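Encoded as structure tokens, the structure appears first; notes follow it.
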Protein chains: 2
Amino acid sequence: MDQPITSAALRAIRRVLRAADQGGRKLASVTGLTPSQLLVLQEIEQRGETLPSAVAASLQFGQATVTNIVDRLEAAKLVTRERGTSDKRQVVLRITEQGRAVLENAPDLLHKRFKIGFNQLPAWEQAMILAGLERLGELLDAGEIDAAPLIDSGVIDRDLAPELRRQDRDTNR
Amino acid sequence: MDQPITSAALRAIRRVLRAADQGGRKLASVTGLTPSQLLVLQEIEQRGETLPSAVAASLQFGQATVTNIVDRLEAAKLVTRERGTSDKRQVVLRITEQGRAVLENAPDLLHKRFKIGFNQLPAWEQAMILAGLERLGELLDAGEIDAAPLIDSGVIDRDLAPELRRQDRDTNR
DNA sequence: TCATTATTCTTCGGAAACCGAACTACAATA
DNA sequence: TATTGTAGTTCGGTTTCCGAAGAATAATGA
């Protein structure tokens, strides 16, 4: 059905995704910083001084999510929350020294693994990979997809599920 | 610090990751199948008849996680659970007709978006992207990384956090 | 054969990521 | 001033993961 090259590419993508995921998980267990937290932290560092809404927009997270994550970062003293002066509705986020230190010492593992290998590749190959990735990025976030043509074909019934589960299994023993 | 090309590549990777994530989330809201569920389902389909442990190993999930996900898939009747005959500790997973149908109708959006764009690219570019991706996959899951050199530099104190949070904010008003 | 050890899976409890909807301040506008 | 808009937060809910402990069954060895 698919071109072989297409599905090979898909497999490769999934592999990359999985690797990223795993790396993140491991990172979390070691540093106490989850991937999302790291992302937010990086975002804040890059911008120097931002608003939660900006972070949310850029990371495509909901505001609620950002609040949540910033809560943790603040508790860990990696980030500062301060009410805006001109517009008091706003909240200004700043990274702390500690935050910066964490970013230095805990480049996420994806980053790390990647860098190690990548730097060893010949330049042409680096260029090729980069070009491919960028193309891919374009493909993937090109415009909103219409998520229409997915008919109701056996969708999960969330309310029914829990009961069914236990019951089904018990009758099975 | 990093070569510019390295960090460009990293940005590109993150972009791809984010796109995948978003796509997955959207998919979930439409079909009721989350990305992980889809992965497990696909895995079961491919293998035709498997054990949870095999799925877990291949997807690099914990057993508990697989149990959890299979619970949902089973409740949705996309998958069948049956005790093994020769070894009764085992559980045999099979995809149902419905499950197959769902896989057909709900190729995940990543897949979909990707296919659309990808197929339109000239062959050489497809080849290039593929090569880049595969190289990347190798880089990323090359061997276990030693997650050692991450010193305790401002790690989150999980127990302290929740209290701090609320308190800090209240004093802030 | 019986007891011990291993295995396969499930259950339980817990952290975190997300989100939408309701809500609170504050700002801007008419 | 009254209304409408905007920035963040809170609340409640779902899902993903995991580790540890448990139950059932197999395999092993004395």
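Predicted model, so just to flag it, every value in this text is computed and none were measured. Lettering of chains follows the sequences in order, A, B, ..., and the numbering in each one begins at 1.
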Between [atom2] on [N] and [atom1] on [X], what's the gap in Å once rounded to a whole number?
X	N	atom1	atom2	value
B:R83	C:dT10	CZ	P	7 Å
A:L33	C:dA15	CG	P	17 Å
B:K88	D:dA23	NZ	C1'	15 Å
A:Q90	C:dA28	CD	C1'	13 Å
B:L38	D:dT15	CG	P	15 Å
A:D87	D:dG5	CG	C1'	12 Å

Return the minimal non-hydrogen interatomic distance between [X] and [Y], and the atom names on each side.
X	Y	result
A:L59	A:V40	CD2-CG2, 3.8 Å
A:G132	B:I129	CA-CG1, 3.8 Å
B:V16	A:L133	CG2-O, 4.2 Å

Within a strict 4.5 Å, meaning less than it, do heavy atoms of the [X] and [Y] side chains meet?
X	Y	value
B:L33	B:L78	yes
A:L130	A:E134	yes
B:V92	B:R83	no

(message) Can you work out whether A:V66 or A:R89 has the more 5'-proximal nearest nucleotide on DNA chain D?
(response)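 Looking at the nearest nucleotide for each, A:R89 comes out on the 5' side.
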
(request) Output the residues of residues 46-55 of chain A in contact with DNA chain D, where contact means a heavy atom of the residue under 4.0 Å from an atom of the strand; sort by number or write none. (result)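 Residues of residues 46-55 of chain A under 4.0 Å from DNA chain D: A:L51, A:P52, A:S53.
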
(request) For the pair B:R47 and B:E43, find out whether any cationic side-chain nitrogen is under 4.0 Å from an anionic carboxylate oxygen. (result) yes

(request) Keeping the roles fixed (side chain from A:T96, backbone from A:K77), state whether a donor-acceptor pair exists under 3.5 Å. (result)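 Yes; at least one donor-acceptor contact below 3.5 Å.
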
Nucleotide N/O to protein N/O under 3.5 Å, stretch nucleotides 17-20 of chain C:
| from | atom 1 | to | atom 2 | distance (Å) |
| --- | --- | --- | --- | --- |
| C:dA17 | OP1 | A:T34 | OG1 | 2.5 |
| C:dA17 | OP2 | A:R72 | NE | 3.0 |
| C:dC18 | OP1 | A:S36 | OG | 3.2 |
| C:dC18 | OP2 | A:S36 | OG | 2.5 |
| C:dC19 | OP2 | A:G62 | N | 2.5 |
| C:dC19 | OP2 | A:T65 | OG1 | 2.7 |

